[in-house]
Protein chains: 2
Amino acid sequence: MNREPPKRQGHVDIRDVARAAGVSTATVSRALSGRGYASDDARRKVAAASRRLGYQPAAPGRSLRTTRSMTIGLLVPDLADPVYLPFLRGVEHAAQQHGYVVVVADARSSTTLERRQLDRLYAQRVDALVLAGSPRDRAYLRRLQRAGLMVVDPEGPNGPSDIRRTTEAHATTSLCEHLADLGHSRIAYVTRGAPRGRTAQRRSRAVIDSCRKVGIAAKPVLLGARREPDDVGDMLAGLVRSRKPVTAVVCGAHSLAPLLLRAKSAAGIHVPDECSFVTYGDSDWAAAYRPALSVVRRDLYARATAITTHLIAQLDGHDPHVTDPDAHRVEFVPRDSVARARS
Amino acid sequence: MNREPPKRQGHVDIRDVARAAGVSTATVSRALSGRGYASDDARRKVAAASRRLGYQPAAPGRSLRTTRSMTIGLLVPDLADPVYLPFLRGVEHAAQQHGYVVVVADARSSTTLERRQLDRLYAQRVDALVLAGSPRDRAYLRRLQRAGLMVVDPEGPNGPSDIRRTTEAHATTSLCEHLADLGHSRIAYVTRGAPRGRTAQRRSRAVIDSCRKVGIAAKPVLLGARREPDDVGDMLAGLVRSRKPVTAVVCGAHSLAPLLLRAKSAAGIHVPDECSFVTYGDSDWAAAYRPALSVVRRDLYARATAITTHLIAQLDGHDPHVTDPDAHRVEFVPRDSVARARS
DNA sequence: TCCCGATGTGTAATCGTTTACAGCATGAAC
DNA sequence: GTTCATGCTGTAAACGATTACACATCGGGA
């Protein structure tokens, strides 16, 4: 008779509320959700009982019935990189505002792990999956999409914001013009490795193009395995003190900037006198550094909230309210780390 | 007859697999989970069908039956503060390793929001809730605990790591001794406001105590509404250039450091010549800053993984494996931002 | 031969919700 | 006095999984 699954500890369920309020579970559900008929009297009694017992409808049961988990998955390429934090925050806030909850999954820069994480999110039946960056295995993702997973890829070709491409390109142009104006004609564009994600590729291309346009020779530099300031410093020194010296380095990722700055100081390269410096990505530290760093700033937080709000509107079947164009602002912020090139 | 709930799009369920494999759903479940009997033949057929159809057991259904959601909630006091990122990452990694998934909830420094978020996590029936920092409304939390929510409070009195208190106190002592050795006798301990969370209170007390012990006068400074570098700079200048000058400032929170540094430079206070600087919390930027910042570093990532692994062992009913003591390491890292005090 | 344990399988109950449906008042319109 | 719409309620059927139980089947001792 007793085919008991382990009885959940002290969780009050809808039946408890129904009993306490002297109505049926159906009425409780209707009264609390506001859908369907319910007399004022019933509403009052249910509200009272529910509050008194501290009832919260259990998500698993609800999800099972409604096929909506009120859950948004967020796949982050690598949580170790703080760039993703504002994005995560944006998604969380938008979700929060509409009663959704966020499940984060870190792929840790591993394709295998990414797949595992995708499987998990799929198994969770998240209502939608938001990509914080480019996925490593597009094919796998597409399979899950076909299996019913709703995916939002902000970087994708028909993603929520194709504006972005143009705005970041624009900012990059400003940056390059700025450099050209100050007499720079040879610069290094430093990245960790060959650009993988869409953003990185886009950015890399934009730098190359813009530089060509204003007559600057842009030398792409891949750091590869080099992780030590001294090591990187030697390499940078080679560039800066060669016959045809590089007079500015552009850093392709915010998280890379500290390493580059340490490298320069290890090599005794003075910023900005001997070599200017610009980086993609802004932060309090970039502004606090002396000299204050010139940066290309984008508002990832705003971007994330915009995307997520839009997404949720779709999920909830509202009209998908036009996205705020301001959310995609990308701008070049000149500060003190780039100076006139030494001739 | 057709009392249809909205049919889920293209999701393959256990029945589909059972049909494809020519067995019953019970067998599928047994074969996949490995619990209970299943012939090798059945296992093979089920595995094949399952793989071919891309079957992933739906979490809501499973949770409903097993009363385990394989989900860990993480309540973050304020996602805007990057301190919490390593912690989040640690929790996520440990969870990931054991098949759990993490739901993050940001309280955004608001008590109201914190309560709402707690309700949501409770409604999600997370298997456990980990607190990334001190909760604002302990009473509310306790109510949910009584209602069946399992809460892990790393800062709590009988939290997983009381060691921590002593280790951080130890590091703080080193810091103060370091300052005393270099001849400092008056310092400022700067925080955003009156310390709220346990960590902040503990730290504040530790600084005061350690200073007294080595004969340093520690002046607590609350920034309050001051947010502008100039404003803060004036205040700092007042302290540093008074009759009885403060010769070092200790920054109580990593995220506060950039502001303080900008303030100093705005006020023309040279670090470390005119005034030394130390901060709690380490980062690439702190090391890249010139002068490189002396810091008190703690490994929040290791801490989080340790706590979470321990937690999951409990959840899964394993022996809760003793936690790695190294996980709670807190150490003072002297670098270049503190120099001998000007007499 | 008969019984018994071990192994494998299917049927059906169950988890906590939501909701289609039927039933029952009540009151208005004929 | 029928009819009918309207409002409200309860009963019971899902949702997708796990699992207790009953029922095989099989091999080996007695």
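Every chain is numbered from 1 and lettered A, B, ... according to where its sequence line falls, protein lines coming before strand lines.
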Visitor: Produce the list of close N/O pairs, under 3.5 Å, pairing protein atoms with atoms of nucleotides 24-27 of chain C; give distances to one decimal.
Guide:
none

Visitor: Please identify each residue that fulfils ring pair (Phe, Tyr, Trp, His ring centres under 6.0 Å) with A:Tyr122, with sequence neighbours left out.
Guide: B:His11
Visitor: List the atom pairs, donor and acceptor, that lie under 3.5 Å between side-chain atoms in residues 43-51 of chain B and the rest of the protein, sequence neighbours left out.
Guide:
from, atom 1, to, atom 2, distance (Å)
B:Arg43, NE, B:Ala38, O, 3.4
B:Arg43, NH2, B:Ala38, O, 3.3

Visitor: Taking NZ, NE, NH1 and NH2 as the nitrogens, is one of them in A:Asp78 or A:Arg136 under 4.0 Å from a carboxylate oxygen of the other?
Guide: no
Visitor: Please report, rounded to the nearest Å, how far the C1' atom of C:dG16 is from the CG atom of A:Leu32.
Guide: 14 Å
Visitor: B:Leu64 CG to C:dT17 P: how many Å, rounded?
Guide: 9 Å
Visitor: Is there side-chain contact between B:Leu85 and A:Tyr84, with heavy atoms separated by less than 4.5 Å?
Guide: no
Visitor: Hey, is A:Asp316 close enough to A:Arg68 for a salt bridge, meaning N to O under 4.0 Å?
Guide: yes
Visitor: Taking atom P of C:dT18 as reference, at what distance in whole Å does atom CZ of A:Arg62 sit?
Guide: 5 Å
Visitor: Would you say the base of C:dT18 and the side-chain of A:Arg65 have a donor-acceptor pair closer than 3.5 Å?
Guide: yes
Visitor: Which part of the nucleic acid does A:Arg35 contact within heavy-atom distance under 4.0 Å: base, sugar-phosphate only, or nothing?
Guide: sugar-phosphate
Visitor: Between residues 38-51 of chain B and DNA chain D, which residues have a heavy-atom gap below 4.0 Å?
Guide: none
Visitor: What's the OH-P distance between A:Tyr37 and C:dA22, to the nearest Å?
Guide: 16 Å
Visitor: Assess the residue pair A:Glu92 and B:Gln117 against the criterion (side-chain hydrogen bond (donor to acceptor under 3.5 Å, both in side chains)); give the C-alpha distance rounded to whole Å, side-chain angles, the decisive distance to 0.1 Å, and a yes or no.
Guide: CA-CA 11 Å; A:Glu92 209 280 343; B:Gln117 295 286 50; 3.0 Å; yes
Visitor: In whole angstrom, what separates B:Arg19's CZ from D:dA17's P?
Guide: 12 Å
Visitor: Search all heavy atoms of B:Leu315 against all heavy atoms of B:Tyr100 and return the closest pair with its distance.
Guide: CB-OH, 3.7 Å
Visitor: How close do B:Leu75 and B:Ala107 get, counting heavy atoms only, and between which atoms?
Guide: CD1-CB, 4.4 Å
Visitor: Measuring only between side-chain heavy atoms, which start at C-beta, is B:Arg303 closer than 4.5 Å to B:Ile307?
Guide: yes
Visitor: Looking at B:Thr309 and B:Thr305, would you say the former's side chain and the latter's main chain have a donor-acceptor pair under 3.5 Å?
Guide: yes
Visitor: Need one value for B:Arg30: base, sugar-phosphate or nothing, where a base atom within 4.0 Å counts as base even if backbone is also close, heavy atoms only.
Guide: base
Visitor: Output the single nucleotide from C:dT17, D:dT19, D:dT11 whose closest atom is nearest the side chain of B:Ala26.
Guide: D:dT19
Visitor: What are the atom names and distances for every N/O pair under 3.5 Å that joins the protein to nucleotides 26-28 of chain D?
Guide:
none

Visitor: In whole angstroms, how far is the C1' atom of C:dG16 from the CZ atom of B:Arg68?
Guide: 18 Å
Visitor: Between C:dG16 atom P and B:Tyr122 atom OH, what is the distance in whole Å?
Guide: 11 Å
Visitor: Considering only residues two or more places apart or on different chains, which pairs with a residue in residues 99-119 of chain B satisfy salt bridge (charged side-chain N to carboxylate O under 4.0 Å, His left out)?
Guide: B:Arg115-B:Asp137
Visitor: I'd like to know if the side chain of A:Gln201 and the backbone of A:Arg196 have a donor-acceptor N/O pair within less than 3.5 Å.
Guide: yes
Visitor: For B:Thr27, which contact category applies under a 4.0 Å heavy-atom criterion: base, sugar-phosphate, or nothing?
Guide: sugar-phosphate
Visitor: Give the rounded distance in Å between these two atoms: NE2 of A:His11 and C1' of C:dT17.
Guide: 15 Å
